[in-house]
Number of protein chains: 2
Amino acid sequence: MDHIDRVLLTHLQQDATQSYAALGQAVGLSAGAAHERVRKLRERGAIRRTTVEVDPAAVGGAVLAYVMVDSVSWMGDSAQDFAALPEILEAHVIAGSASVLVKVRTSTTEQLQDVLRRIYAIDGVSGTQATVVLETFFERPVSPELGTG
Amino acid sequence: MDHIDRVLLTHLQQDATQSYAALGQAVGLSAGAAHERVRKLRERGAIRRTTVEVDPAAVGGAVLAYVMVDSVSWMGDSAQDFAALPEILEAHVIAGSASVLVKVRTSTTEQLQDVLRRIYAIDGVSGTQATVVLETFFERPVSPELGTG
DNA sequence: GAAGATTGCCGAATGAGATACGGTCTACGC
DNA sequence: GCGTAGACCGTATCTCATTCGGCAATCTTC
């Protein structure tokens, strides 16, 4: 994982459809060499997968909210319960007063309310505190260049 | 945006490297027809871009935190100030006591502290409240199938 | 209800690019 | 000094993306 790898990752994050020739040119390598490096990045797991970024609004995800989930019991083994709700995009165990933080996308606030109801039904959950997003400044992937700093 | 488009989006989210022939087969269409549909999804903006998913840990992003940012003035025009910090992955204006919620990834807690310091330096910011993630259950893209419900 | 226009699909052609391979150079260990 | 491993380059092949003409179904308009 050197500087060239990081530049490759950055370019691929911006556009994974570009040719290996263009990718190689961006870092001063041949297409073959660039291909080989990217293959190894996938092999090592640095690149988890190639995917498409979908506009949430286009598929019924206009309402975004973060929900702090309070609990009366250990939530460390409840990953499945949260994953079962497709509207939940992220679920994290956190340090602090609440025990789990989840990110939720729904098409309406009524559906958000329904998701909160289903979260509340999860075993051990004692309460929820939802924070609705009014405007998203930006959402972007992790910057590979950070490894430099 | 019908059912076929949603299935195409789901398949592309899982693996954007597969051939249009395979993609078409998954929805009962020819490669050409699948290609045409995907082209239109890009054109409409439903597909924003094709990208690679990078393992945060592999590029120095082991520490994840959410930060509630309190302010004394209107933060609606401060998107640039937050975007200037590459460690900030998301920034949202929220309803509630704080005014901005940001998602931060750094390699160490020391760097997290430094990011908090730089957030504090943004004009109008009066305080921050960081919540450190202990364990991530999952992070996944928005499900196109939600549009069905 | 009929003619025209639009849309979505198929199947084939072609051109570009992914992937594999042989050879060269450098760095490193013995 | 010699052998090995790793990274790169240039080339060759072969898959696949992309384009095109043609057809059927649907919608529009009169």
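Throughout, a chain's letter reflects where its sequence line sits, starting with A, and its residues are numbered from 1.
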Between D/dC9 (P) and A/Leu23 (CG): distance, integer Å: 13 Å
State, with a plain yes or no, whether a side-chain heavy atom of A/Val52 is found less than 4.5 Å away from one of B/Arg49. no
Within the structure, does a side-chain N or O atom of B/His35 lie under 4.0 Å from either OP1 or OP2 of D/dT18? yes
Protein-nucleotide distance (B/Ile4, atom CD1; C/dT7, atom C1'), rounded to Å: 14 Å
Is the shortest side-chain N/O distance from A/Lys40 to OP1 or OP2 of D/dA7 below 4.0 Å? yes
Student check: side-chain heavy atoms of B/Arg48 and A/Pro56 closer than 4.5 Å: yes
Which whole-number value in Å describes the distance from B/Glu36 CD to D/dG22 P? 18 Å
Any idea how B/His35 and B/Tyr20 line up, ring-wise: parallel (<30°), tilted (30 to 60°), or perpendicular (>60°)? perpendicular
Specify the separation, in whole Å, of atom CD of A/Gln25 and atom P of D/dC9. 12 Å
For residues B/Ile4 and B/Val7, determine if any side-chain heavy atom of one lies less than 4.5 Å from a side-chain heavy atom of the other. no
Looking at C/dA20, I'd like to know if its phosphate oxygens (OP1 or OP2) sit under 4.0 Å from a side-chain N or O belonging to A/Arg39. no
What is the distance from CE of A/Met1 to P of D/dA7, rounded to the nearest Å? 13 Å
Considering only C/dG17, D/dC8, C/dC9, which nucleotide approaches the side chain of A/Ala33 most closely? D/dC8
